[in-house]
Undergrad: 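After the structure tokens below, expect a handful of questions from me.
By convention in this document, chain letters (A, B, ...) are assigned in the order of the sequence lines, proteins followed by strands, and residues within each chain are numbered from 1.
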Amino acid sequence: MRATEFLSRTLRQDPNEAETVSHRLMLRAGMMLQAAAGVYSYLPLALRSIKKIERIVREEMNAAGGQEVLMPTLQTLETWEQSGRAAAFGDNLFRLFDRRERPLVLAPTHEEVVTAIAGAHIESYRDLPLNIYQIQTKFRDEPRPRAGLLRGREFVMKDAYSFDTDQEGLDVTYQRMRVAYRNIFRRCGLPTIEVEADSGAIGGKDSHEFIMPAQSGEDVILYCEESGYAANVERATSIINPALEGEPLPLEVVDTPGITTIADLAVFLGISESQTLKAVFYQADAETVLVTVRGDIEVNEVKLKNHLHCLDLRLANAEEVAAAGLTPGSTSPIGLSGIRRIADTSILQGNNFAAGANQPDKHYQNVNYPRDFEVDETVDIATAREGDGSPDGQGTLKAVRGIEVGHVFKLGTFFTTTLGVDFLDESGTLKPPVMGCYGIGVTRILAAAIEQNHDDKGIIFPAPIAPFQAHLLALNATDPDVRAAADALYDELSSAGCEVLYDDRAESAGVKFNDADLLGLPVRIVVSPRNLKQSVVEIKRRRADEAAQVPADGVVAAVRDLLALDEL
RNA sequence: CGGGGAGUAGCGCAGUCCGGUAGCGCGCUACGUUCGGGACGUAGAGGCCCCGGGUUCAAAUCCCGGCUCCCCGACCA
């Protein structure tokens, strides 16, 4: 492709709306154009990259036994009401009406439709296992789209769904898909960390996310180098530091004027926060619950929500707290009843705690569980932290931010049961197939790849997903000799199957070098009067500092060699 | 949904307080000179100042209403 004919223009200044690296670089490089919040046109540079990612995904999905289909984006709201997920998705579901005022949605995902496809096909165990996937645009009305392609409202996703006869069959398929995912990210040239993930309210038991480490990521993962444990913070468990433990002392009330926070209480009493108990009030749908954790531990709301099986969970507001008869700033489960009391297992670590006395300006000291209070449940609802012990007892956890680029999930029989899909097993019994689902954010991979591969001059594309393999620069492009030599080289490379972006513009050398660095194609080839005099062409990897001079007839081979360095 | 910021030429911005000719840099067009890390000169083109009302002799500027976009948080199988 000749730059003079190419639908792309670089910008010399950063667009004002872009702050995140990938967003900024993609706009500056002329890869895409924003149409609305979280909605973009993909220009040729971006689309070429996306197609390459899709190709790798497709090959690995096919190799893993997947069959490609294309399901409708436009779906009836009724479909979503049958599965009960219209409410669960809430405002994230794009809704519209047809000319007869029938409600429709733009699909954010496809479990309902794929289950219908499976239902139409599956009669007996002989039809299983089945693995169906598609690569398609998804719509989610995100509360806050951000950072270009990292979180859009319209994005390209590969979603796959598997159907097996039983849990053991799903285990096999699930492992196979995990391997396929590892292959995909490796072939894209993108290191990812595979972590245990939250499986949510409807979830089965297993769920893993593929996280690409990046500062701009929205996810935090905790991992342990010693043991290999890795989990999303939403899901991670850990061994917390022990608190002081001594002979249980008698409960006593102390005056704590004006003390309403754990930090103040610890300072006031001259103890560490781990020697206190903290009470937090949540509103779980219509119910107010009292949550007790050790003072130095934060409540993990994802764990709590999963435990409560509620649709909506948030901190209770002042009215709800008052209605429950609680004393903010000085609450504890001691002597409280008539409210659901949940405690984190951290209260079992340590004793002689300081805790609220359920009246203003007073706290208890030497609180011991279960001697001094009761709770309804003691469960793990703690947020694991960097520095905590790995849950397997080996080593300590470290934290890193990252971008979720893939998610595999054991769904179980929720959809097949709800939507009435079953099969006849070998003994003649009707059973629901066991499902798994597997997603990859294709457009998100592109953004994440740039987050992970750039420098202060621009993008550094991994070769397998670069829009072009080589960037051919003709310096002094108006010089007839340069023009002739560069044209010839462009033809030669093209017919050798190399994807070349040929900068044949009449721009100065500096402009071309800077644009080449910005676009970040893996190999840069320079034809110039200076090189022509010595009968050489200059070749440089984007990742490397130094360029090499090669004879004109050795360019194709040299480009191949450099590209091979990026193939994995 | 809470908090903050912004809409003026393709991009980045000034002008708005204090109403009176719509400006700067980059980019774009033409010609000439340059030519290995964002060259220079000359001459040009390019505007629904986000939208709708209002005030005024006169509104980018003041008043009212709305829309859009960005950032932080909440949220996000």
Side-chain angles (χ1 to χ4, degrees), chain A residues 9-20 23-24 27-28 30 33-40 83-85 88-93 108-112 138 140-148 150-153 155 159 161 197-204 206-209 216 218-219 232 234-235 301-302 305-306 309 311-315 317 404 407-412 414-415 435-439 441 444 457-458 473-479 482 503 505-518 524 526-534 538 540 547 549:
Chain A
R9 173 160 298 166
T10 56
L11 300 175
R12 294 201 179 184
Q13 279 162 303
D14 288 334
N16 153 46
E17 76 258 23
E19 298 216 344
T20 308
H23 189 198
R24 210 179 69 225
L27 291 176
R28 270 198 65 198
L33 203 58
Q34 182 170 32
V39 181
Y40 294 87
S83 68
R85 290 208 301 170
F89 257 86
D91 289 339
N92 271 24
L93 197 58
T109 175
H110 281 75
E111 281 80 0
E112 284 81 359
K138 294 286 188 282
R140 295 185 186 179
D141 196 359
E142 294 285 346
R144 186 153 94 81
R146 60 173 289 273
L150 281 181
R151 179 166 295 280
R153 294 193 297 170
F155 55 95
D159 45 326
Y161 307 88
D198 170 49
S199 45
I202 15 167
D206 277 321
S207 171
H208 290 84
E209 286 170 347
S216 55
E218 296 175 290
D219 288 274
N232 193 304
E234 293 177 344
R235 150 85 181 220
E301 295 186 2
V302 173
K305 188 173 176 183
N306 289 342
H309 294 291
L311 271 181
D312 185 50
L313 179 76
R314 58 179 171 78
L315 289 169
N317 61 35
E404 178 190 344
H407 197 163
V408 297
F409 201 95
K410 287 185 182 172
L411 275 178
F414 176 84
F415 290 98
M435 286 178 69
C437 70
Y438 318 87
R444 185 182 275 182
K457 292 177 174 173
L473 312 189
L475 304 192
N476 297 14
T478 48
D479 177 310
V482 169
D503 191 346
R505 298 173 302 167
E507 291 287 351
S508 70
V511 170
K512 294 194 175 195
F513 285 135
N514 280 305
D515 276 353
D517 287 341
L518 176 60
R524 188 186 77 188
V526 176
V527 174
S528 71
R530 198 166 88 186
N531 289 340
L532 279 184
K533 264 182 217 153
Q534 302 167 42
E538 186 181 296
K540 176 182 168 298
Q549 321 253 304

Undergrad: On RNA chain B, nearest-nucleotide positions of A:E17 versus A:F89: which is more 5'?
TA: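 On the 5' side of the pair lies A:E17.
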Undergrad: Applying the Watson-Crick and G-U wobble criteria at under 3.5 Å, what pairs with B:C49? Answer none if nothing qualifies.
TA: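 Its partner: none found.
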Undergrad: Could you check how far CZ of A:R140 sits from P of B:C76, rounded to whole Å?
TA: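 Whole-Å distance recorded here is 13 Å.
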Undergrad: Using the P atom on both, measure B:C57 against B:G47 and round to a whole Å.
TA: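 About 31 Å, rounded to a whole number of Å.
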Undergrad: Please state how far atom CD in A:E19 lies from atom C1' in B:A6, giving the value in whole angstrom units.
TA: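 Atom CD in A:E19 sits about 12 Å away from atom C1' in B:A6.
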Undergrad: Return the nucleotide paired to B:A60: Watson-Crick means purine N1 to pyrimidine N3 with N6-O4 or O6-N4, wobble means G-U with N1-O2 and O6-N3, both under 3.5 Å.
TA: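 With both distances under 3.5 Å required, B:A60 matches none.
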Undergrad: Whole angstrom is fine here: how far is it from CG in A:D14 over to P in B:C71?
TA: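 The distance from CG of A:D14 to P of B:C71 comes to 14 Å, rounded to the nearest Å.
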Undergrad: Holding to side-chain hydrogen bond (donor to acceptor under 3.5 Å, both in side chains), I want the full list of residues that pass it with A:D479, two or more places apart in sequence or in another chain.
TA: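 A:D479 satisfies side-chain hydrogen bond (donor to acceptor under 3.5 Å, both in side chains) with no other residue.
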Undergrad: Counting only Watson-Crick pairs (N1-N3 plus N6-O4 or O6-N4) and G-U wobbles (N1-O2, O6-N3), all under 3.5 Å, who is the partner of B:G2?
TA: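 Because both required distances fall under 3.5 Å, B:G2 counts as paired with B:C72.
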Undergrad: What does nucleotides 26-41 of chain B look like as a protein-contact string, B for base, S for sugar-phosphate only, - for none, at under 4.0 angstrom between heavy atoms?
TA: SSS------BBBBS--
Undergrad: Has A:R9 got a side-chain atom pairing as donor or acceptor with A:G30's backbone, closer than 3.5 angstrom?
TA: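 No.
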Undergrad: Considering every strand and a 4.0 Å limit on heavy-atom distances, what is the contact class for A:A147: base, sugar-phosphate, or nothing?
TA: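 It contacts sugar-phosphate atoms only.
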Undergrad: Remember a base hit wins even if backbone is also touched, and classify A:P15 as base, sugar-phosphate or nothing at under 4.0 Å, heavy atoms.
TA: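 It contacts sugar-phosphate atoms only.
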Undergrad: Do the side chains of A:E19 and A:R146 get close enough for a salt bridge, i.e. N-O under 4.0 angstrom?
TA: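 No, no charged N to carboxylate O under 4.0 Å.
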Undergrad: Could you check A:G148 against A:E301 and say which one's nearest nucleotide on RNA chain B is further toward the 5' end?
TA: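 Counting from the 5' end, the first nearest nucleotide belongs to A:G148.
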Undergrad: Under a 3.5 Å cut-off for both contacts, is B:U21 paired Watson-Crick or G-U wobble with anything, and if yes, with which nucleotide?
TA: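 Its partner: none found.
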Undergrad: May I have the distance from A:R146 (atom CZ) to B:C1 (atom P), rounded to whole angstrom?
TA: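 Taking atom P of B:C1 as the reference, CZ of A:R146 is at 20 Å.
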Undergrad: Rounded to whole Å, please give me the gap between CG in A:N16 and C1' in B:U8.
TA: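 One finds 13 Å between C1' of B:U8 and CG of A:N16, rounded.
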Undergrad: Rounded to the Å, how far apart are A:R24 CZ and B:C11 C1'?
TA: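 It is 15 Å, rounded to the nearest whole Å.
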Undergrad: Measure the spacing between NZ of A:K138 and CG of A:D159 and express it to the nearest 0.5 Å.
TA: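 A:K138 NZ to A:D159 CG: 3.5 Å, rounded to 0.5 Å.
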Undergrad: Which part of the nucleic acid, if any, lies within contact of A:R151, taking any heavy atom under 4.0 Å across all strands shown: a base, the sugar-phosphate backbone alone, or nothing?
TA: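 Base: the residue A:R151, judged by heavy atoms under 4.0 Å, touches a nucleobase.
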Undergrad: What is the distance, rounded to the nearest whole Å, between atom OH of A:Y40 and atom C1' of B:C70?
TA: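 Rounded to the whole Å, the gap is 10 Å.
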Undergrad: Return the pairing partner of B:A14 with a 3.5 Å limit on both distances, Watson-Crick or G-U wobble; otherwise return none.
TA: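 Across any shown strand, B:A14 pairs with none.
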Undergrad: Quick one: does A:R144 reach the base of B:C71 with a side-chain donor-acceptor pair under 3.5 Å?
TA: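 No such pair is found, so the answer is no.
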Undergrad: Is the backbone of A:R140 close enough, under 3.5 Å, to the side chain of A:R153 for a donor and an acceptor to pair up by distance?
TA: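 Pair absent, no side-chain N/O of A:R153 close to backbone of A:R140.
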Undergrad: Using purine N1 to pyrimidine N3 plus N6-O4 or O6-N4 for Watson-Crick, or N1-O2 and O6-N3 for G-U wobble, each under 3.5 Å, what pairs with B:C40?
TA: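 Check on B:C40: paired to B:G32, both distances under 3.5 Å.
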